[in-house]
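What follows is a single structure, written as structure tokens, with notes after it.
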Amino acid sequence: MDNEETGGGSIVEEKYAKRTFGLELLGIVLALVFLAPFYFLLNNSFKKLPEILLNAAKLPEAFSLDNFRRAWVAIDFPTVLMHSVVVTGLSVLALVIVSSMTAYRLVRRPTLFNKVLFNVLVAAMIIPFQSIMLPLMKVTAMFELRGELYGIVICYLGFGLPLSMFLYHGFIKSVPLEIEEAAVVDGCTPYGVFGRIVFPLLKPITMTVIILNVLWIWNDYLLPVLVINDSYTTIPLAVQKFFGQYLRKWDLAMAALTLSTIPVVAFFLLLQKHIIAGITAGSVKG
């Protein structure tokens, strides 16, 4: 009997070991695939232009920070970094405030109008940006939003609201209504209930909304080039200056992109633990 149990255990362990090894191997392969762009970016940021053109995958013959120094000066990196931080920070702040309050109102006041509004906002997520570029240019010109900081913030608020509101909408359903009723009995105003009671409970999904929108806005090129262009040059707009009609300075572009990646990667690594919990919680609440 003991031999049979031992034999059965060995078979299970063998199957488990093979399955685990296969999953680990697949994970390693996927990790290498996703890390390949980072390798090319970091590797070529230390190379001279001829080295990049000859063999982009080869390690540099000599590691030098000259590309970073030249790129720093060429695009005035501190200034464009500040522009990116301001545009991203204000846009994400506006998205968090407006989308959370909108979702809270739609969940707690399920009127026919609010249900229709929710469906319209969700449906807006499937509209491709390229299809509304021309109308966007006309609207920004009509309301004098082009070239202004508040103009790009309003545009990001409009385009980012549907997804952010959708995530908040699912998560708010999990907040017990009894907590809000108790706060009202204690004398809280509607804004006090949301600001002091509900919003602190939304921390997981708030972190998720912040991460997703920071990654999107920080790396976005098309909307800034249409709305603000040279008024508030962000990093993607500044890096584009290295690509002319007849000359492409890959060495400086790679160095500038590496510099621009450091803040957002550090930010993502700092908050990534919240993203899975927030999306999961926001998607399973009905």
Side-chain angles (χ1 to χ4, degrees), residues 34-94 129 133 137 140 145-156 210-272:
F34 283 104
L35 288 176
F38 291 97
Y39 166 76
F40 282 97
L41 175 64
L42 187 60
N43 181 45
N44 291 311
S45 63
F46 293 99
K47 292 181 179 181
K48 299 294 183 181
L49 183 58
E51 287 186 72
I52 298 176
L53 298 178
L54 288 175
N55 191 344
K58 183 182 177 182
L59 290 174
E61 296 178 359
F63 287 89
S64 173
L65 298 179
D66 185 60
N67 287 344
F68 294 93
R69 180 187 59 80
R70 293 167 57 201
W72 184 286
V73 175
I75 64 175
D76 190 9
F77 187 78
T79 301
V80 298
L81 177 64
M82 181 188 67
H83 289 167
S84 290
V85 170
V86 171
V87 170
T88 303
L90 292 179
S91 301
V92 172
L93 179 63
F129 176 75
M133 285 173 55
M137 297 298 293
T140 53
L145 300 178
R146 200 176 304 168
E148 302 293 341
L149 180 60
Y150 63 84
I152 190 68
V153 172
I154 291 175
C155 290
Y156 276 127
I210 290 175
I211 291 172
L212 294 178
N213 285 296
V214 164
L215 294 178
W216 161 48
I217 296 173
W218 184 272
N219 297 300
D220 187 34
Y221 170 79
L222 194 53
L223 192 56
V225 80
L226 294 175
V227 179
I228 55 176
N229 205 357
D230 293 332
S231 302
Y232 291 89
T233 304
T234 58
I235 293 176
L237 296 182
V239 173
Q240 184 62 25
K241 296 179 180 179
F242 293 128
F243 300 96
Q245 183 177 0
Y246 302 105
L247 180 63
R248 298 182 178 183
K249 301 178 181 179
W250 288 103
D251 49 347
L252 301 185
M254 291 296 177
L257 288 172
T258 300
L259 290 173
S260 68
T261 302
I262 294 174
V264 72
V265 168
F267 178 81
F268 177 77
L269 293 177
L270 184 65
L271 299 181
Q272 66 170 337

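Worth saying up front: this structure is predicted, and the values here are computed from it rather than measured.
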Got [X] and [Y] here, is their nearest side-chain heavy-atom distance under 4.5 Å?
{"X": "I228", "Y": "L149", "answer": "no"}
{"X": "N213", "Y": "S91", "answer": "no"}
{"X": "D251", "Y": "F242", "answer": "no"}
{"X": "L222", "Y": "M133", "answer": "yes"}
{"X": "L59", "Y": "K47", "answer": "no"}
{"X": "D66", "Y": "K48", "answer": "yes"}
{"X": "F129", "Y": "L226", "answer": "yes"}
{"X": "P224", "Y": "Y232", "answer": "no"}

Return yes when atom CZ of F34 has more than 12 non-hydrogen atoms of other residues, nucleotides or ligands closer than 6.0 Å, and no otherwise.
no

Taking the inter-plane angle between the rings of W250 and F243 on a 0 to 90° scale, is it parallel (under 30°), tilted (30 to 60°) or perpendicular (over 60°)?
perpendicular

Rounded distance [0.5 Å steps], [atom1] in [X] versus [atom2] in [Y]:
{"X": "S84", "Y": "I235", "atom1": "OG", "atom2": "CD1", "result": "4.0 Å"}
{"X": "S260", "Y": "L81", "atom1": "OG", "atom2": "CG", "result": "9.0 Å"}
{"X": "I217", "Y": "L223", "atom1": "CD1", "atom2": "CG", "result": "9.0 Å"}
{"X": "N44", "Y": "F40", "atom1": "CG", "atom2": "CZ", "result": "7.5 Å"}
{"X": "S45", "Y": "L252", "atom1": "OG", "atom2": "CG", "result": "11.0 Å"}
{"X": "T234", "Y": "Q240", "atom1": "OG1", "atom2": "CD", "result": "11.0 Å"}

Heavy atoms only: give me the nearest L145-V227 pair and the separation to one decimal.
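Minimum heavy-atom separation between L145 and V227: O-CG1, 4.0 Å.
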
Nearest heavy-atom pair of E51 and E61: which atoms, and what distance?
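For E51 versus E61, the nearest heavy atoms are OE1-N, 3.1 Å.
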
Ring pair (Phe, Tyr, Trp, His ring centres under 6.0 Å) with [X]: which residues, sequence neighbours excluded?
{"X": "W218", "value": "none"}
{"X": "F267", "value": "none"}
{"X": "F63", "value": "F46"}
{"X": "Y39", "value": "none"}

Backbone N or O of M137 within a donor-acceptor pair of the T140 side chain at under 3.5 Å?
yes

Under 3.5 Å, is there a donor on one side chain and an acceptor on the other for Y156 and D220?
yes

Step by step, work out the side chain to side chain contact (heavy atoms under 4.5 Å, CB included) result for V239 and L257.
CA-CA 7 Å; V239 173; L257 288 172; 4.0 Å; yes

Among residues at least two apart in sequence or on other chains, which ones pass side chain to side chain contact (heavy atoms under 4.5 Å, CB included) with T261?
F38, L41, V265

Name all residues meeting the salt bridge (charged side-chain N to carboxylate O under 4.0 Å, His left out) criterion together with D76; count only those two or more places apart in sequence or in a different chain, and write none if there are none.
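In terms of salt bridge (charged side-chain N to carboxylate O under 4.0 Å, His left out), with neighbours along the sequence ignored, D76 is linked to no residue.
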
